[in-house]
Engineer: 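Questions regarding the structure given below will be posed in turn.
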Amino acid sequence: MSATMRTSSWAESADASSARPVKPAYVPPHLRNRSVAPAEPPSFVSNANERGLGGNWGGSSNSRQDFGNGGRQGYGSGSGGGFNNRGGAGMGVGRERGGRREANPFENDVDESFTEQENTGINFDAYDDIPVETSGENVPAPVNTFAEIDLGDALNQNIQRCKYVKPTPVQRYAIPISLAGRDLMACAQTGSGKTAAFCFPIISGILREPYAQRPRVARTAYPLALILSPTRELSCQIHDEAKKFSYQTGVKVVVAYGGAPITQQLRELERGVDILVATPGRLVDLLERARVSLQMIRYLALDEADRMLDMGFEPQIRKIVEQMDMPPPGMRQTLLFSATFPKEIQRLASDFLASYIFLAVGRVGSSTDLIAQRVEYVLESDKRSHLMDLLHAQRENDVNGKQGLTLVFVETKKGADALEHCLCVNGFPATCIHGDRTQQEREQALRSFKTGNTPILVATDVAARGLDIPRVAHVVNFDLPNDIDDYVHRIGRTGRAGKMGLATAFFNDSNLSMAKPLADLMQEANQEVPAWLTRYAARTPYGGSRNKRTGGARFGGRDVRKESSYNKGNDYYGGTGGGYGVPASYGGGYGQGVTSAWD
DNA sequence: AAAAAAC
């Protein structure tokens, strides 16, 4: 049962075959150019380009109809455990149109059985204690099981293949909201099951309305859903997950991001795309080349929106959403995910969303004891040897030769290279990831880390957010970030999905501005705060460099639309208050607007 | 100040 909590863990399908771009599987000559047999999954959602050659669907109206029914069988039968429904997605021949085999996205899933033992003793009910807050008009009720959601057989089977048994909090709320067609502004983090929370309704929605007529414009792809994310690796990860959710549904997922040759991505797009996952820069490029049109978009999801704004993507995002051919709010469904809610994000929400529901979900493990946080005073010159001591001690602790993964964060790209080199020279199997490495190197490094080939990964903040790497046992903040939000994101790479994690930070006099926020955060997470850190914290003026961009906002889990009626005494944005934990008012009988404690 | 992201 522990496995059930590992909501996003299979994202680790990390070995050679998950390298992007995915090569089409080999098709034997006698099967090439074969017309689509009725038993094949009809590409009812296929791109216009391809449909062009599809006039010969022959009995296609039949087969589509059949599929439509098949696809819907599960919808009506929701009450009785959708998991048991067999066959509904009966096109399980594992092929895409044209006889191209649909790669089994599950085949590389790591056998996690050995982790069962590690997990014993963890309080999985932690999931039930996570604070959740919703506001808005007519908020649909949350669900407690997948079975009570009308997702359809095909999707239910994939949920089963993913070994999900119970929806996570963000899924319990976000899925019914999205299925009801509502716009959503959600505060939740990867690792909370967020990706599934927006993918399930999108896939389900596409399956329910299979007859979208898309224009025929040569070489232009018309996706029905667009998912934007800040980093290339995150886009890849979302793509991998979405592939699993949409396996054998006929829904096509394509990923587009920079740093990789565009030609393969163009080819994938020409084969048809329903869900496009992209980083903003590459998408703008594709739009300007008119290789993608957004005019058929029915679903728009923005992941890690605050991160995208931090990275200066606002102009691109606004261009994509407001200045191209995307349908306006109300004509599409928009899901906005962000860890924090500074004013910029709130503006984005009011511009992109229509009559939205606000959802804030506490993070698994942030204020629980899933992540043990330690701070050590380490002089700059001692950091390397100290790190190697830690790694050495850790190696002693490893059981079954299973090396726990260690993620080491540094401040600069140069520093990452240097530290990686130093570790390797000293016999520690390390690799590194940062923005000066080629995309190929980045993906290779990530793979090698995930598979345990090099169980030490030195990283800049490119890896700080969103990446879901299972089995990260230890996060080391070799260089502390200057922003407590970044710290929270970094340590969030461990202690994921109900597992214990360890986070160690090296602190010295160059981190003075972090003393207070760090001490506060640790205290609120019931961590032991070293006396010396408390002294530093007392000495350092509060705030420091914190959160210029947010105007001093800590996690602003507040629906700003309520601002006028709700404005007294709670300075989530004032910064004089209680720092980073659960707002003092939380649990104190205080109701609306108060949400969870993380970020 | 550094990091990320299109060519």
Side-chain angles (χ1 to χ4, degrees), chain A residues 20-21 190 226-239 255-266 269 276-292 302-321 323-324 338-339 344 380 407-420 432-443 445-446 457-467 477-490 493 508-514 544-549:
Chain A
R20 256 151 306 271
T190 314
L226 174 64
I227 300 170
L228 288 175
S229 90
T231 67
R232 300 163 180 175
E233 280 77 10
L234 192 52
S235 283
C236 289
Q237 181 179 294
I238 294 167
H239 170 254
V255 65
Y257 54 86
I262 201 167
T263 46
Q264 279 103 326
Q265 293 172 10
L266 290 173
L269 288 168
L276 177 59
V277 186
T279 48
R282 176 56 61 92
L283 179 59
V284 167
D285 189 5
L286 291 167
L287 291 169
E288 284 171 351
R289 295 175 189 226
R291 297 301 294 263
V292 170
L302 297 131
D303 201 11
E304 307 275 353
D306 54 347
R307 182 66 167 170
M308 289 200 276
L309 294 199
D310 283 352
M311 288 167 63
F313 282 156
E314 183 160 2
Q316 283 108 312
I317 290 174
R318 286 198 179 270
K319 173 163 190 175
I320 291 164
V321 177
Q323 291 152 35
M324 304 303 287
S338 184
E344 297 88 330
E380 212 59 44
L407 185 50
V408 183
F409 281 106
V410 296
E411 200 59 23
T412 65
K413 297 181 273 199
K414 239 173 93 177
D417 280 332
L419 183 58
E420 179 217 14
C432 77
I433 184 167
H434 60 70
D436 271 357
R437 304 200 76 191
T438 67
Q439 191 56 26
Q440 219 175 8
E441 289 171 324
R442 283 163 59 162
E443 288 172 27
L446 206 52
L457 179 66
V458 182
T460 59
D461 266 333
V462 67
R465 295 200 191 197
L467 285 193
N477 273 290
F478 189 89
D479 300 319
L480 269 168
N482 292 316
D483 187 319
I484 194 69
D485 286 344
D486 292 333
Y487 172 82
V488 174
H489 278 288
R490 288 177 177 188
R493 297 313 96 202
N508 62 38
D509 284 14
S510 60
N511 309 116
L512 291 182
S513 67
M514 284 291 286
S545 70
R546 199 189 81 198
N547 278 342
K548 275 214 186 71
R549 78 190 143 79

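Proteins come first, then strands; the chains are lettered A, B, ... in the order of their sequence lines, and each starts at number 1.
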Engineer: A:D461 CG to B:dA3 P: how many Å, rounded?
Structural biologist: 9 Å

Engineer: Need one value for A:E288: base, sugar-phosphate or nothing, where a base atom within 4.0 Å counts as base even if backbone is also close, heavy atoms only.
Structural biologist: base

Engineer: May I ask you to verify if any side-chain N or O of A:R232 is less than 4.0 angstrom from the OP1 or OP2 atom of B:dA5?
Structural biologist: yes

Engineer: Quick one: pull up CG in A:L512 and CG in A:L480 and give me the separation to the nearest 0.5 Å.
Structural biologist: 11.0 Å

Engineer: Out of B:dA6, B:dA1, B:dA5, which has the shortest distance to the side chain of A:R442?
Structural biologist: B:dA5

Engineer: Check side chain to side chain contact (heavy atoms under 4.5 Å, CB included) between A:D436 and all other residues, then give those that pass, not counting sequence neighbours.
Structural biologist: A:K413, A:H434

Engineer: Separation of A:D483 atom CG from B:dA3 atom P, in whole Å?
Structural biologist: 16 Å

Engineer: Quick one: A:L480 CG to B:dA2 C1', roughly how many Å, whole number?
Structural biologist: 15 Å

Engineer: Which of these nucleotides, B:dA1, B:dA4, B:dA5, is closest to any side-chain atom of A:T279?
Structural biologist: B:dA5

Engineer: Hey, does the side chain of A:T460 come within less than 4.0 Å of B:dA4's phosphate (OP1/OP2), counting only N and O?
Structural biologist: yes

Engineer: Round to the nearest Å and state the distance from A:R490 atom CZ to B:dA4 atom C1'.
Structural biologist: 13 Å

Engineer: Is A:K414 near enough to B:dA2 that one of its side-chain N or O atoms lies under 4.0 angstrom from OP1 or OP2?
Structural biologist: no

Engineer: Kindly point out which of B:dA2, B:dA5, B:dA1 is positioned nearest to the side chain of A:T412?
Structural biologist: B:dA2

Engineer: Rounded to whole angstrom units, what separation is found between the CD1 atom of A:I317 and the C1' atom of B:dA4?
Structural biologist: 12 Å

Engineer: Can you list everything that forms a side chain to side chain contact (heavy atoms under 4.5 Å, CB included) with A:A305? Sequence neighbours excluded, please.
Structural biologist: A:L336, A:S338, A:I345

Engineer: Determine whether A:R490 and A:D461 make a side-chain contact, defined as any pair of heavy atoms from C-beta on separated by less than 4.5 Å.
Structural biologist: yes

Engineer: Among the nucleotides B:dA4, B:dA1, B:dA5, which one has an atom lying closest to any side-chain atom of A:H434?
Structural biologist: B:dA4

Engineer: Please report the distance, rounded to the nearest Å, between OH in A:Y487 and P in B:dA3.
Structural biologist: 21 Å

Engineer: NA contact type, A:V284, heavy-atom cut-off 4.0 Å: base, sugar-phosphate, or nothing?
Structural biologist: nothing

Engineer: Send over the distance from A:R291 CZ to B:dA6 P, rounded to a whole Å.
Structural biologist: 18 Å

Engineer: Hey, are A:Q439 and A:E443 close enough side-chain-wise for a donor-acceptor pair under 3.5 Å?
Structural biologist: yes

Engineer: Roughly how many Å is it from CD in A:E233 to P in B:dA3, rounded to a whole number?
Structural biologist: 15 Å

Engineer: Regarding A:G259, tell me which of base, sugar-phosphate or nothing describes its non-hydrogen contacts under 4.0 Å with the strands shown.
Structural biologist: sugar-phosphate

